[in-house]
Amino acid sequence: MMAQASPVQTATPQHRVLPRDATPTTATNAEATTATTTTDTNTGFELTLSLDLPSNTCTPTIAPDKYGWVPASECDALYLYYPSFGAAIAAAVIFGLLTIGHFVQAIMYKTGFAWVILMGVSWETVSYAVRAFSTRNQQDDTVVTVSQMFVLLAPLWVNAFDYMVLARMVHFFIPERRIGIFKPSLLAKIFVLLDFVSFVIQAVGGLMANGTDEQEMNGIHIYMGGIGLQEFFILCFLVLAVQFHRSMLKLERAGHLAVEKKNWRRLLYALYGSLIAITVRVIYRLVEFSAGYSESNPIPYHEWYMYVFDGIPIALAIIIWNFAPPGAVLQGPDAEIPSSGIGRWLCCNGCVCCCRSCRKRGKEKKNIQRLSDHDIYGEDVLLHSRESSLYHNTQYTTRR
């Protein structure tokens, strides 16, 4: 806003009258200027207020077709290509079949932690199903955002499942039940939490990337940082997987492996394959976003890049575990590892009312009261004369 005051010589104000049929025109530049002039006839003092306001820069020149598509040159284009309805339906069907397959195997082998990969494959199914709906409603940015968020975040569930599989393999195959300084429960806890951190960063970046131009660039940078962290954690995890591989080879050469534990290669090679497939997808996303959306970068302008370098690698990372289900190998008492405490922590701190064990422990803790300091006995008091504990449960009664 600019205010300008200047004295004038004339005391008579000049009035300008517009005709009734005059219509305002829309400014085509980046800014529109609105000016108001007020003149005091007694003092000859003129005050001019000028207000610069941004104009509506989106002026479509081509009407959308029946599915809402407009060329990429239009300001309201949500897709830089014409999205394929058939490809999205095919991808949704494939991931839907993989979801059913993992669900059936989880029941067959009683694999409780399979819910993690079920989340990943079901998110992929939802993402492509919503994308298929979006191809018929290409002007609905909410639907596009939902589809994009699911397809960007779903692989993190598969990544977390890989971490949990190796932790259970360490507990099942290694006699010492540790890799370096990491026990299985600690290994699972650390890498799953790191994966959750990457999940949050990528979610924030993905949401910001659907805002204004400045927010979009900031969101892309944040998302690239999150996906870069994900790949860094994968590389660190691969170091532990290779160390596990070397330990298993030593045990095998020394003849210390039981007969039922000699099929470790099947799971380990499946783990390698899943992590490599996720890495291919991460590299693709880094290349896509780092090159920007200029015409020199062909990736955003062709749909097949996403299916080949995102959809297919994640499908391979998931289907590998259908051919090598962990529950088929990790059987018996050694298959159950001590709880990492992640689920209990999320339950007890996130929603106490949903966890019976948390409520029970809280109730017991409430009923226990510490005795006062004068009840503490000295060394001269015989043991049979002392109370049984320094803590007293108000619900416990003794009969003498």
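Position 1 is the first residue of the sequence, and the numbers go up from there.
- The NZ atom of Lys183 lies 5.0 Å from the CZ atom of Arg178; values are rounded to the nearest 0.5 Å.
- With hydrogens and angles ignored, the 3.5 Å screen pairs a side-chain donor or acceptor of Gln139 with a backbone N or O of Gly68.
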Handout entry: Stepwise side-chain contact (heavy atoms from CB on, under 4.5 Å) check, Asn137 with Val143
Key = CA-CA 8 Å; Asn137 300 270; Val143 179; 5.6 Å; no
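- Between Val151 and Arg285, the shortest heavy-atom contact is CG1-NH2, 4.2 Å.
- Between Arg168 and Leu330, the closest heavy-atom pair is CB-CD1, 3.7 Å.
- Between Val158 and Ser274 there is a side-chain heavy-atom pair separated by less than 4.5 Å.
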Practice task
Tell me, with the steps shown, if Glu124 and Phe150 meet side-chain contact (heavy atoms from CB on, under 4.5 Å).
Solution key: CA-CA 7 Å; Glu124 290 284 352; Phe150 273 101; over 6 Å; no
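- Closest heavy-atom contact between Ile278 and Pro155: CD1-O, 4.5 Å.
- If you take CD on Glu288 and OH on Tyr223, they are separated by 8.5 Å, rounding to the nearest 0.5 Å.
- Ion pairing between Arg265 and Glu252 holds under the 4.0 Å rule for side-chain N and carboxylate O.
- Here the SG atom belonging to Cys236 is positioned 10.0 Å from the CD atom belonging to Glu231, to the nearest 0.5 angstrom.
- One distance of note links CG of Asn159 with OG1 of Thr279; it measures 8.0 Å at 0.5 Å rounding.
- Residues Leu153 and Gln202 meet the side-chain proximity criterion, which asks for heavy atoms closer than 4.5 Å.
- A heavy-atom distance below 4.5 Å is not found between the side chains of Pro325 and Thr111.
- Under a hydrophobic-cluster definition in which Ile, Leu, Val, Met, Phe, Trp and Tyr are linked whenever side-chain heavy atoms come within less than 4.5 Å, directly or via other members, Leu229 and Val287 are assigned to the same cluster.
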Practice task
Could you go through the side chain to side chain donor-acceptor pair (under 3.5 Å) check for Tyr79 and Ser134 one step at a time?
Solution key: CA-CA 10 Å; Tyr79 287 100; Ser134 177; 2.7 Å; yes
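- Leu98 contributes atom CG, which lies 11.0 Å from atom CG of Leu118 (distance to the nearest 0.5 angstrom).
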Exercise for the section: Would you sort out whether Phe237 and Leu275 count as a side-chain contact (heavy atoms from CB on, under 4.5 Å), showing the intermediate values? Expected result: CA-CA 10 Å; Phe237 182 77; Leu275 291 175; 3.7 Å; yes
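- Distance alone, capped at 3.5 Å, places no donor-acceptor pair between the His102 side chain and the Ile319 backbone.
- Using the six-membered ring where Trp is involved, Tyr163 and Phe191 have ring planes that are tilted, between 30° and 60° apart.
- The aromatic rings of Phe309 and Tyr284 sit parallel, their planes meeting at an angle under 30°, below the 60° perpendicular limit.
- The two atoms that bring Asn322 and Gln105 nearest to each other are O-NE2, 2.9 Å, heavy atoms only.
- A single hydrophobic cluster is seen to contain both Ile179 and Leu249, as judged by linkage of ILVMFWY side chains at heavy-atom distances under 4.5 Å, directly or through other members.
- Under the 4.5 Å side-chain heavy-atom criterion for Ile, Leu, Val, Met, Phe, Trp and Tyr, Leu97 and Met119 are members of distinct hydrophobic clusters.
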Practice task
Take Phe161 and Phe113 through the ring pair (Phe, Tyr, Trp, His ring centres under 6.0 Å) test and state the conclusion after the steps.
Solution key: CA-CA 8 Å; Phe161 181 77; Phe113 68 98; 5.4 Å; yes
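- Taking 4.5 Å as the limit, every side-chain heavy atom of Met248 sits out of range of all side-chain heavy atoms of Leu268.
- Within the 4.5 Å cutoff, the side chain of Leu271 has heavy atoms near those of the Trp321 side chain.
- By the neighbour-count criterion of 12 heavy atoms within 6.0 Å, atom CZ of Phe233 is densely surrounded, having more than that number from other residues, nucleotides or ligands.
- Tyr307 and Ser84 form no side-chain donor-acceptor contact under 3.5 Å, judged by distance and modelled atom types alone.
- A donor-acceptor pair under 3.5 Å is formed between the side chain of Gln331 and the backbone N or O of Gly327.
- Here the side chain of Ser198 pairs a donor or acceptor atom with the backbone of Gly226 at under 3.5 angstrom.
- Within the model, atoms CG of Leu186 and CD1 of Ile181 stand 7.5 Å from one another, a figure rounded to the nearest 0.5 Å.
- Ring-plane geometry between Trp123 and Phe199 is classed as tilted, the angle between the planes lying from 30 to 60 degrees on a 0 to 90 degree scale.
- Looking at Thr135, its side chain does come within 3.5 Å of a backbone N or O of Ala132 through a donor-acceptor pair.
- In plain terms, the two heavy atoms of Val170 and Pro184 that are nearest each other are CG1-CG, 4.0 Å.
- Looking only at atom types and distance, the side chain of Tyr82 has a donor-acceptor partner in the side chain of Asp65 under 3.5 Å away.
- A 4.5 Å side-chain heavy-atom check between Met224 and Ser290 finds at least one atom pair inside the cut-off.
- Phe289 and Tyr301 fall within the same hydrophobic cluster, where Ile, Leu, Val, Met, Phe, Trp and Tyr residues are linked whenever their side-chain heavy atoms come under 4.5 Å apart, directly or through other members.
- Environment of CZ in Phe232: sparse, with no more than 12 heavy atoms of neighbouring residues, nucleotides or ligands closer than 6.0 Å.
- Using a 4.5 Å heavy-atom threshold, the side chains of Phe173 and Trp264 count as touching.
- With hydrophobic clusters built from ILVMFWY side chains whose heavy atoms lie under 4.5 angstrom apart, Tyr81 does not share a cluster with Ile89.
- Ring geometry for Tyr272 against His245 counts as tilted: the plane angle lies between 30° and 60°, on a 0 to 90° scale.
- Shown here for Pro313 and Val308, the closest heavy-atom pair between the two residues is CD-O, 3.2 Å.
- Between Arg131 and Glu303 there is a salt bridge, since at least one side-chain N of the basic residue sits less than 4.0 Å from a carboxylate O of the acidic one.
- Panel note: side chain His302, backbone Pro298; a donor-acceptor pair is recorded below 3.5 Å.
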Practice task
Begin from the C-alpha positions of Leu166 and Leu267 and carry the test side-chain contact (heavy atoms from CB on, under 4.5 Å) through to its verdict.
Solution key: CA-CA 9 Å; Leu166 182 63; Leu267 286 183; over 6 Å; no
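- Side-chain contact between Phe95 and Ser122 is absent, with no heavy-atom pair separated by less than 4.5 Å.
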